[in-house]
Amino acid sequence: MDVRMRRVLRLTAVALLLIVTANGILLWDVARNRAAVPEAELRLSEREFFVPQLWRGENSGRFLQLRYQYIRSTGDDGAWFVNPWLDREKLRDLGFHLPEKLVDTENFKQVPRFPQKKVFLVLELAGPAYSHALAQARAEVEARRIAPAKEGLQDAEEHLHQMQEKNSRLFVVDAGLDAEVLRRHYPGRQQYAIVPGRVHIWWNAPQQQKEPEFYSRFVLERERIFVPLDFAPQLALLKEDVASEEQGRAKRGAVVQLAFGTHLQPWIVGIQGKQ
Amino acid sequence: MMPAGASSGREPASRDAAQLAADRIAVFQQELAHLEAAGVLHLSTEQQQAVDKYHQMRLEQWRFLFDVDTHHQDRQFSLGMKITSYLAALGLGAAIFFLFYQFWGHFSTTWQVSLLFTASIGSLLACMHFAAREQTGYFSQLLGTVAFVCFVLNLVLLGQIFNIPPTHRVLLAWAAFAFVVAYATGARLLLSVAVLCLAGFLSAQIGMWNGMHWLDAGGWPELFFPAAALFFVLSQLPHQLYPAFPSLYRIWALLFWFLPVFVLAHWGAGSFLLLPSQQVEWLYQVAGFATGAGVIVLGIRRNFSETVQIGVMFCTVSFYSKLYDWWWDWMPKYLFFFLCGLVAILVLLVLRRLRVQSVQSFRTMQRQETL
């Protein structure tokens, strides 16, 4: 056996070991994630997911994509803003060291820039956040009704209808760096799921004598859930449902049982159509 | 069977080294013919025959061992085959990628995992089979690219099937695989891919150590400096079997240094430094010009042509971007471009002066060695 052959054989062994190890680690992680009792199990209706379009039919994979909302609130000036629970204290807990006032930014960068951070997010299904959003929508309708000009009443009523019938009941209600701590605060495993995600904070350029304004955005690490072949017929019915709705016919709806394992990775346990 | 009279001596250890040696012989023969025609040198018949016989023997030996190109037409064909091999690799890789996505949904989870694993293993074995036997490397490099695509698909699709959140550790796995296959096949394309994956992993890991999400690492140019240092160190390691690899490592090291420096010279907010943006930009402009000059000097001294070219390119682009910052807004456009041209002529004169000095100092050194 010549030198080159020996060298190629050694490198082949290394590459084979790499493939086996990488696959082994992934599959072992999946097995451990699904081995014990699920960390959470949510029953999602057709409002909490949709079937994404993939590559004009050249991707035969099946997925469901989660739909979720942020908590909204109105400020003193009447403007809407999201995630009112994400205040300075919470941001500090998440590791964002924010400048306090304009004087801080004079010796700092003009517009501070924060990297995205890995966090754990709390998803709440049909809980207080959804009830509050419904109450906000009802209050908005009432306020428009009693207003003399009734401007925007139709939009408010449509928004209320959407909240009652179509909008997702899944809300991001909290974030933290420790999943176990979050689970202790939100113990209901049929209502709350702790999922990995990331948070992005950015700032408005500070004005004279005004505190800097910050904005936030959360992204789930895995919003798109793979649907195994076993559930392909049910998924086909879901797609027919969507087509029915687009053509003005009534939807049957569906329920998806989504489990989250010990490593917080989700998988579909079942898909059933509603009667 | 080896040609009769073949001797080992100091033989090239790789095809690239053998091709360089064959090219040197061709250049030598052309120059010898020119010297004879000019009446400067005339070898006796015995000397000419001895040289020709020696060169012929070596060229035949290298053709047997490494399938080197010994004629101009061979080189043209080889270049065409190399380009075609790259296109074939890209095409096959894309075809496999889309083939998987077209049909994977029709299989159960067990079959999906098995097919992905088998494709990775099978394509790797096919690549290594050719790597062990093929002299030219066209098919082994092509299959090496296919094997890499299969391995990427393997891990990406497993992640999608089991809803695993994306992680930067796959970049390390891909980098390791690409390095192994690149060193088995001598494929420069795969080495570049390996370098990119490793740089991505390093920047992501260092970013995570600083508390950021790994996907955000690309937005912080300073995270690529460790990769630049690493690849520069790798370029200094001996690579007798792979004479083209050190140059590639140097190119990537310089790119991972100069591109972030250029970005930060114009975007101070992208830095980790706790300084006002303008100060950061000034700092990186100075650092960029200083290291650019240093890189040019290093490249000239160590005969690294790609190093000199990248250094010159960076300094030139940086300088013109400064001219743009200073003059574009208020200067008439004709005057701006005229001054740019004048500056370029000035640089040309300076480089010419440096070249003359370099030649003079080289001749002085040669005379001293002779004495």
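First the proteins, then the strands, lettered A, B, ... as listed; each starts at 1. No experiment lies behind these values; they were computed from the predicted model shown.
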(message) At under 4.5 Å between heavy atoms, what parts of residues 178-193 of chain B are in contact with chain A? List them by residue number.
(response) B/V180, B/Y183, B/A184

(request) Let me know if B/V113 has heavy atoms under 4.5 Å from chain A in its side chain, its backbone, both or neither. (result) side chain

(message) Nearest 0.5 angstrom please: B/F162 CZ to A/D29 CG, how far?
(response) 11.0 Å

(request) Just do the side-chain contact (heavy atoms from CB on, under 4.5 Å) check on A/I194 and A/F260 with the steps written out, would you? (result) CA-CA 8 Å; A/I194 315 294; A/F260 295 83; over 6 Å; no

(message) Taking side chain as everything from C-beta outward and backbone as N, CA, C, O, which of these in B/Q112 sits under 4.5 Å from a heavy atom of chain A? Side chain, backbone, both or neither.
(response) side chain

(message) To the closest 0.5 Å, what do you measure between CD (A/E41) and CD (A/Q257)?
(response) 5.5 Å

(request) Using non-hydrogen atoms and a 4.5 Å limit, figure out which bit of A/P196 sits close to chain B: side chain, backbone, both or neither. (result) side chain

(request) Decide, yes or no, whether a salt bridge links A/R198 with A/E221 under the criterion of side-chain N to carboxylate O below 4.0 Å. (result) yes

(message) If I measure from the heavy atoms of chain A, does B/L241 come under 4.5 Å with its side chain, its backbone, both, or neither?
(response) side chain

(request) Evaluate the ring planes of A/F63 and A/F226, with Trp represented by its six-membered ring, and classify them as parallel (under 30°), tilted (30 to 60°) or perpendicular (over 60°). (result) perpendicular

(message) So which residue, A/P115, A/G95, A/S60, A/A232, ends up with the most heavy-atom pairs under 4.5 Å with chain B?
(response) A/S60

(request) Please flag which part of A/L27 lies under 4.5 Å from any non-hydrogen atom of chain B: side chain, backbone, both or neither. (result) side chain

(request) Tell me, out of A/I25, A/L18, A/V14, who's got the most heavy-atom pairs with chain B below 4.5 Å. (result) A/L18

(request) Below 4.5 Å from any heavy atom of chain A, which atoms of B/L125 appear? Answer side chain, backbone, both or neither. (result) side chain

(request) State whether A/K90 and A/D174 are salt-bridged, where the test is any N-O pair (Lys NZ or Arg NE/NH1/NH2 against Asp/Glu carboxylate O) under 4.0 Å. (result) yes

(request) Nearest 0.5 Å please: distance from the CD1 atom of A/I268 over to the CG atom of A/D230. (result) 11.0 Å

(message) I need the B/L115 CG to B/F103 CZ distance, nearest 0.5 Å.
(response) 12.0 Å

(request) Considering non-hydrogen atoms only, spot the tightest contact between B/P166 and A/R222 and give its length. (result) CD-NH2, 4.4 Å

(message) Over 60° means perpendicular and under 30° means parallel, so tell me whether B/W111 and B/F107 are parallel, tilted or perpendicular.
(response) tilted

(request) Check for a donor-acceptor pair, side chain of A/R224 on one end and backbone N or O of A/Q65 on the other, with a separation under 3.5 Å. (result) no

(message) At a 4.5 Å cut-off on heavy atoms, which part of A/V195 comes close to chain B: side chain, backbone, both, or neither?
(response) neither

(request) Against chain A, work out which of B/I164, B/L158, B/I121, B/T109 has the most heavy-atom pairs shorter than 4.5 Å and name it. (result) B/I164

